[in-house]
**Q** 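After the structure tokens below, expect a handful of questions from me.
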Amino acid sequence: MEETPEIRKLEDGRYSFVVGRERYTLATSLDEESFFRVVKTAQEAVKDFPPTLKQEDRLFLALLALSNKIDEVACRIDDLLTLAEETEKGLN
């Protein structure tokens, strides 16, 4: 099965979408725009993996990659907060 970026909105807040080689259907309380961003991020994380990679491994590696990105963003935020605090102290 080829991955398609298609995300189908179904009834009752459910969506059907493909990540890797599998189609998933689930309900969510996220608004549609947020859910589409999350699914597209997951799709992007797995798109370049070898086609022979098992789905479980594909999802685990995607989890690690996304966790790494979150950690990088958290570190940048911490650095910016530190810089802002130092700048504020210098102005006082």
Side-chain angles (χ1 to χ4, degrees):
M1 177 188 312
E2 266 187 40
E3 179 176 334
T4 63
E6 181 181 352
I7 304 168
R8 296 185 202 145
K9 183 176 181 181
L10 308 173
E11 299 174 6
D12 302 326
R14 293 181 317 127
Y15 295 88
S16 178
F17 56 95
V18 174
V19 174
R21 300 184 321 197
E22 298 289 328
R23 178 166 290 281
Y24 299 92
T25 301
L26 56 87
T28 180
S29 60
L30 287 175
D31 63 89
E32 185 174 329
E33 185 177 325
S34 295
F35 184 75
F36 276 50
R37 277 195 318 268
V38 168
V39 171
K40 287 177 182 178
T41 299
Q43 290 171 334
E44 187 69 24
V46 302
K47 78 175 188 167
D48 293 327
F49 291 155
T52 55
L53 195 61
K54 290 189 265 179
Q55 181 71 358
E56 181 178 298
D57 294 339
R58 182 180 302 274
L59 294 178
F60 184 72
L61 288 173
L63 172 67
L64 292 177
L66 294 171
S67 294
N68 183 55
K69 285 185 182 186
I70 290 169
D71 185 59
E72 287 175 355
V73 169
C75 288
R76 288 181 190 169
I77 290 171
D78 285 342
D79 290 345
L80 287 171
L81 287 173
T82 300
L83 179 61
E85 289 170 356
E86 290 171 359
T87 301
E88 185 178 344
K89 285 179 186 176
L91 294 175
N92 289 330

**Q** In Å and rounded to the nearest 0.5 Å, what is the NZ to CG distance from Lys54 to Leu61?
**A** 11.5 Å
**Q** Side chain of Ser34, backbone of Leu30: donor and acceptor closer than 3.5 Å?
**A** no
**Q** Would you check if Tyr15 and Val39 make a side-chain contact, meaning some heavy-atom pair closer than 4.5 Å?
**A** no
**Q** If every non-hydrogen atom of Val46 is compared with every non-hydrogen atom of Ala62, which pair is closest and at what distance?
**A** CG1-CB, 3.5 Å
**Q** If you measure from OG1 on Thr82 to CG on Asp78, what distance do you get to the nearest 0.5 Å?
**A** 6.5 Å
**Q** Count the heavy atoms belonging to other residues, nucleotides or ligands that lie under 6.0 Å from CD of Glu72, then report whether that count exceeds 12.
**A** yes
**Q** Please report the C-alpha distance between Arg23 and Ser16 in whole Å, then the side-chain angles of each, then the deciding distance to 0.1 Å, and finally whether the side-chain hydrogen bond (donor to acceptor under 3.5 Å, both in side chains) criterion is met.
**A** CA-CA 7 Å; Arg23 178 166 290 281; Ser16 178; 2.9 Å; yes
**Q** Going hydrophobic residue to hydrophobic residue with side-chain gaps under 4.5 angstrom, can you get from Leu66 over to Phe17?
**A** no
**Q** A side-chain contact here means heavy atoms from C-beta on lying under 4.5 Å apart; do Ile7 and Val18 qualify?
**A** no
**Q** To the closest 0.5 Å, what do you measure between CD1 (Ile70) and CG (Leu63)?
**A** 8.5 Å
**Q** So does Glu33 get a backbone contact from the side chain of Asp31, meaning a donor-acceptor N/O pair under 3.5 Å?
**A** yes
**Q** In terms of side-chain geometry, is the basic nitrogen of Lys89 or Glu85 positioned less than 4.0 Å from the acidic oxygen of its partner?
**A** no
**Q** Quick check for you: to the nearest 0.5 Å, what is the distance between Arg14 atom CZ and Leu26 atom CG?
**A** 9.5 Å
**Q** If the condition is side-chain contact (heavy atoms from CB on, under 4.5 Å), which residues does Gln55 pass it with, not counting sequence neighbours?
**A** Arg21, Glu22, Tyr24, Arg58, Leu59
